[in-house]
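Heads up, the thing below is written out as structure tokens.
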Amino acid sequence: MIKLINTKENNIVNKSYADHKNMKTWCGLLVFGCIFALSAADGDDDDKNYVVTSRPFPDGFMFGLATAAHQIEGAWNEDGKGEQIWDTWIHEHPNVVFDGSNGDVAVDSYHKYMDDIACLKEVGVQYYRLSISWARILPNGRNSNVNKPGIDYYLNVLRALKDAGIQAMVTLYHWDLPTALQNDGGWTNPEIVDLFGDYARLCYQLFGEYVQMWNTINEPKQICHGGYGIGAYAPGILSPGVDEYKCSKYVLLAHARAWRIYNDEFRSTQNGKITIVIDSDWYEPGTDADKEAAETRMQFIHGLYGHPVYKRDWPDIVKQRIAMRSQLEGYSESRLPAFTEDEIDYVSGTYDFIALNHYTTYMISASDEPAIGTPSLDNDAGVTVWQKDTWQTAAIDWFKYVPWGAGKLLRWLKSTYGDIDIMITENGVSDQNGTLTDDHRIRFYTLYMSHMLDAVYEENVRLTGFTAWTIMDNFEWTLGYIGKSGIYYVDMNDPDRKRVPKKSSTWYANVIKTGCLVDSCT
Ligand code: BGC
């Protein structure tokens, strides 16, 4: 396996877990197939006696598959599409992508969307989570210039989904801001709130009759921390703890604007559901003494976006710590921009359900107050973040298999925000070779879903849907084509980009058919 640096989380995994080095490898990490239905044995003793649940998915539970425009469509400059920040950033800095590739062609879904829909049908999902490329329908981001071929493309996809009997869950923004808007300040310019609202309204008008579920924004943390904090994602700006938090504020206001437009102008005729998609790792206290530190980290990661929406305003601990550190750094006011009372009201309650993207877990230890110096989200949170070196790794270092983290995160969502319906809008695992006999992926999904079901049965968590990431191997952002998460394989040297089923696609089809993770549910 090629060793890759961590761009997504930028956490320094600074402590190994030597105690676990001599763990029992009675199944062996590489013999994935042998025991997934019986035991976790994920290389972590914490979970070694875990037994996959034989309880079924609840009645009405929905299964889906997800993609995002820039990762699959290609056709980056075709038929009048405008440039968006990932096109521009990668073309200007090709070295930001690990394998030197880009999304110019990707898996060519702009021309091959019927192949994608054939995969969805074959697996039997009830819904497809896809995203609209803002610049494909509004090349400069503003409603003054509308691109008809771009609109036709999404209408064709949505109509084909309808014909296939598959519901559409559409994300309005999956990281691909029109470059023209970035040139005007992007997510740190307050004007973005109304511009996003205008774009959202246009999408509801054009596509709303075909869309059952809308996601306003995908993963605000990656947009703001990745894009403006650590500069690891487009637009690649390095302004940790400053522009990063401005971005957080305007992303939330833009989401709220789009949610309210739907709620006020379209809900009564279109009857869809709409929410924001928040990604979160689970942060597990290393010891009982680290519980407060772990909760602080949760508030800095999920709470920063979840609290203003599902409750009100930024979380208190986040406000307090950033204000305290800003003052010591000599700022005249907190680096975390305050919401006005009106803005707090405007953002609060703008959800129909909780949408969660979840992949991995970190351990947390309390630490001394980090030195005052360069601001950053990590220093603002002020805790030590690490992973056990016994946890199995996916295609990239930070991405460890920790199935029990998924169950704990669901329980935390319920205890933190209350009894709200939750959909998993992304979960999945990558490898680097795209093997067709992907037993490790089957094992990953089985264990993650099983822990999720435990939270449903043991804690009455209202989990209503699961979306696997992703249909087919595709452009994995700065990993290029090296991080392969599809349940279908695509040979990137094949001009036809044929979608080839992996073993996991048959497995997922069976779970959907039976509603069960084991041979027979009780
Ligand atoms: C993103 C996807 C990405 C996936 C796997 C999520 O954060 O929404 O676009 O491909 O993670 O890394």
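Counting starts at 1 for both ligands and their atoms, following the listed order.
Considering both main-chain and side-chain atoms, His174 comes within under 3.5 Å of ligand 1 through a nitrogen or oxygen pair. Taking only nitrogen or oxygen atoms, main chain and side chain alike, Trp175 does not reach within less than 3.5 Å of ligand 1.
With no hydrogens or angles considered, a side-chain donor-acceptor pair links Tyr305 and Ser248 at under 3.5 Å. Looking only at atom types and distance, the side chain of Asp421 has no donor-acceptor partner in the side chain of Thr464 under 3.5 Å away. No hydrogens or angles considered: a donor-acceptor pair under 3.5 Å links the side chains of Tyr127 and Thr467.
Contact annotation: Glu219 has at least one heavy atom less than 4.0 Å from an atom of ligand 1. At least one heavy atom of Tyr359 sits less than 4.0 Å from an atom of ligand 1.
Phe475 has its side chain within reach of Ser101: a pair of non-hydrogen atoms, C-beta onward, lies under 4.5 Å apart.
Two rings, from Tyr250 and Phe196, have their centers 6.0 Å or more apart. Remark: aromatic rings of Trp314 and Tyr245 are distant, center separation not under 6.0 Å.
At a heavy-atom distance under 4.0 Å, no atom of Gln222 approaches ligand 1. At a heavy-atom cutoff of 4.0 Å, ligand 1 is contacted by no atom of Asp279, backbone or side chain.
Those atoms of ligand 1 with a heavy atom of Glu476 less than 4.0 angstrom away are 3 (C), 5 (C), 10 (O), 12 (O).
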